[in-house]
Enquirer: 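Here it is: the structure, laid out below.
A quick note: this is a predicted structure, and the numbers were derived from the prediction, not measured.
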Amino acid sequence: MGSTCRFEPTCSAYALQVISARGAVTGIVLTLVRLSKCGPWHPGGYDPAPQFRATEDRPGCPHCTPTTTKES
């Protein structure tokens, strides 16, 4: 019985994605929510990192990237 993760991407890859995208505090909270799903009560499967809103929706967010560009 080797160590396996029931999720895709693995929990460690998920943690790296959310921490780099949203910063330490929010990333750690999202990672803890993901880790709380580990157990026999959750089937696992594909559980990607959440998509974040564009800077147009959240002005001042340094971690968000715009999905569209406005032309003048």
Enquirer: Among residues two or more places apart or on two chains, list those pairs meeting ring pair (Phe, Tyr, Trp, His ring centres under 6.0 Å) that have a residue in residues 25-45.
Expert: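 For residues 25-45: F7-H42.
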Enquirer: Any idea which heavy atoms bring A49 and Y14 closest together, and the distance?
Expert: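 Between these two residues, the closest heavy atoms are CA-CE1, 3.4 Å.
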Enquirer: Distance-only, no hydrogens or angles: does the T26 side chain make a donor-acceptor pair with backbone N or O of G23 under 3.5 Å?
Expert: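 Here the side-chain-to-backbone pair does not exist.
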Enquirer: Can you name the residues that form a salt bridge (Lys or Arg N to Asp or Glu O under 4.0 Å) with R34, not counting sequence neighbours?
Expert: D47
Enquirer: Quick one: does T31's side chain get under 4.5 Å of C11's, heavy atoms only?
Expert: no
Enquirer: Under the side chain to side chain contact (heavy atoms under 4.5 Å, CB included) test, which residues partner I28, sequence neighbours left out?
Expert: I19, L32
